[in-house]
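Read the structure below first, then the notes.
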Amino acid sequence: MAEGLSNHIEYIARQSGGAVNLKRADVVLLVVHPDDTGDLWLDTAAVALQIMTKRDMVAGAVVLDQDIADVIGTGFPLVPIGKEDHVVCMFREGWRFGLFFDFNPDAGFSVEEMQCDLGTLYRRLKYRDLYDAIADQAVFSRLIAAGWFPFVEILGPEFGEFLKFSEAGFELDEVEAKILAKFDSERIEPISSR
């Protein structure tokens, strides 16, 4: 479906005198207006992630992957999208691809709903390995039996290592000790304040 859509967008661009190659783009955003004109952004539209953080952040601070507790929305804050517009967004996250489209038959496009849907799609692609591991009853049962749950503070490399041990059926003592050693007062204090 995405390949057919990409080919069609490239064809329409050629018909209008432009040449584009969507195969090399990481983020493709197409907004088609009611008069059948459209705006196409290939890796040029500013993308904003709406996130919940694991710790208090100050304006201008660098946010790293390990600071993110959850992604609740993704949007394009500088792209004007009207109520009657149609929107297609294709993007990559690592080796995975996402496709969002709203052809808006009722002429009531909601930017807020798009941001929520894109955030969910992005989160599912970015953290796919975690979702797959939790969905695996054998792995998840081993974690629960050992007294662990993938709470947000250990998500990331720490939980990834924990999952590998659990999936392989290894004893968890070694990895547990490494994770527990990282929970000093400096790390526990922000958790308590939240």
Side-chain angles (χ1 to χ4, degrees), residues 1-7 9 21-30 41-55 57 62-77 79 87-103 110-170 172 174-176 178-179 182-183 187 191 194:
M1 182 176 168
E3 185 177 357
L5 188 55
S6 294
N7 291 338
I9 292 170
N21 183 352
L22 276 62
K23 291 170 183 61
R24 299 189 189 278
D26 286 327
V27 178
V28 176
L29 177 64
L30 173 64
W41 286 268
L42 302 178
D43 294 329
T44 55
V47 179
L49 289 179
Q50 299 166 344
I51 63 169
M52 291 174 44
T53 60
K54 293 180 185 177
R55 60 185 175 90
M57 304 295 287
V62 175
V63 179
L64 304 173
D65 270 347
Q66 62 260 27
D67 296 324
I68 299 174
D70 197 6
V71 178
I72 55 176
T74 304
F76 305 97
V79 176
V87 177
V88 176
C89 178
M90 295 182 282
F91 66 95
R92 299 174 200 262
E93 176 49 45
W95 289 96
R96 298 178 176 118
F97 299 88
L99 171 63
F100 167 87
F101 59 91
D102 187 342
F103 297 128
S110 168
V111 171
E112 293 79 19
E113 286 180 20
M114 176 191 74
Q115 290 172 338
C116 183
D117 290 344
L118 281 171
T120 299
L121 185 54
Y122 175 84
R123 180 177 56 247
R124 286 289 190 171
L125 295 175
K126 175 107 175 134
Y127 304 109
R128 180 62 187 241
D129 297 334
L130 176 62
Y131 284 109
D132 288 348
I134 291 173
D136 183 331
Q137 277 299 321
V139 172
F140 195 61
S141 295
R142 266 188 236 122
L143 293 174
I144 297 299
W148 286 93
F149 185 79
F151 73 99
V152 74
E153 187 59 35
I154 65 168
L155 292 181
E158 292 167 338
F159 192 69
E161 187 176 6
F162 207 56
L163 281 176
K164 287 177 190 172
F165 271 64
S166 184
E167 288 169 341
F170 296 155
L172 301 177
E174 178 184 334
V175 73
E176 282 179 329
K178 284 170 61 177
I179 290 174
K182 294 179 180 178
F183 279 84
R187 187 164 180 186
I191 297 170
R194 279 199 311 269

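Positions are given from 1, in the same order as the sequence printed here.
- Heavy atoms of other residues, nucleotides or ligands lying less than 6.0 angstrom from CD of Gln50 number more than 12.
- Counting heavy atoms from C-beta outward, Phe91 and Leu125 have side chains that approach closer than 4.5 Å.
- Checked options Leu118, Val111, Asp117; the residue passing with Gln115 is Val111 (criterion: side-chain contact (heavy atoms from CB on, under 4.5 Å)).
- Met52 CE: 12 or fewer foreign heavy atoms inside a 6.0 Å radius.
- Phe100 CZ: more than 12 foreign heavy atoms inside a 6.0 Å radius.
- In plain terms, the two heavy atoms of Ala45 and Val79 that are nearest each other are CB-CG2, 3.8 Å.
- For CZ of Phe170, the number of neighbouring non-hydrogen atoms (other residues, nucleotides, ligands) closer than 6.0 Å is 12 at most.
- Within a 6.0 Å radius of CZ in Arg128, other residues, nucleotides and ligands contribute 12 heavy atoms or fewer.
- Closest approach of Asp67 to Val62, counting heavy atoms only: OD2-O, 3.9 Å.
- Looking only at distances, a side-chain donor or acceptor of Arg92 sits under 3.5 Å from a matching main-chain atom of Ala25.
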Q.
Working note: Asp136 + Asp132, criterion side-chain contact (heavy atoms from CB on, under 4.5 Å); need CA distance, chi angles, decisive distance, verdict.
A. CA-CA 6 Å; Asp136 183 331; Asp132 288 348; over 6 Å; no
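- The structure places CD of Gln137 at 9.5 Å from CD1 of Ile144, a figure rounded to the nearest 0.5 Å.
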Q. Could you walk me through whether Phe165 and Glu176 pass the side-chain contact (heavy atoms from CB on, under 4.5 Å) check?
A. CA-CA 10 Å; Phe165 271 64; Glu176 282 179 329; over 6 Å; no
Q: Given side-chain contact (heavy atoms from CB on, under 4.5 Å), test Val87 with Phe76 step by step and report yes or no.
A: CA-CA 12 Å; Val87 177; Phe76 305 97; over 6 Å; no
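- Atom CE in Met114 sits 9.5 Å away from atom CG in Asp102 (nearest 0.5 Å).
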**Q.** Derivation and outcome, side-chain contact (heavy atoms from CB on, under 4.5 Å), residues Leu49 and Val63
**A.** CA-CA 11 Å; Leu49 289 179; Val63 179; over 6 Å; no
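- Taken from CG in Leu42 to CG in Leu29, the straight-line distance is 9.5 Å, to the nearest 0.5 Å.
- Put simply, the side chain of Asn7 reaches to within 4.5 Å of the side chain of Lys23, judged on heavy atoms.
- With contacts defined as side-chain heavy-atom distances shorter than 4.5 Å, the pair Tyr127/Ile68 qualifies.
- If you take OG on Ser6 and CG on Leu30, they are separated by 10.5 Å, rounding to the nearest 0.5 Å.
- Expressed to the nearest 0.5 Å, how far CG of Leu172 lies from CZ of Arg142 amounts to 8.5 Å.
- Using a 4.0 Å cut-off between charged nitrogen and carboxylate oxygen, Lys126 and Asp65 count as a salt-bridge pair.
- When side chains are defined from C-beta on, Leu99 counts as touching Val88, because their heavy atoms get closer than 4.5 Å.
- If you take CG on Asp43 and CG on Leu22, they are separated by 9.5 Å, rounding to the nearest 0.5 Å.
- The two residues Pro77 and Ala46 come nearest to each other via the heavy atoms CD-O, 3.4 Å.
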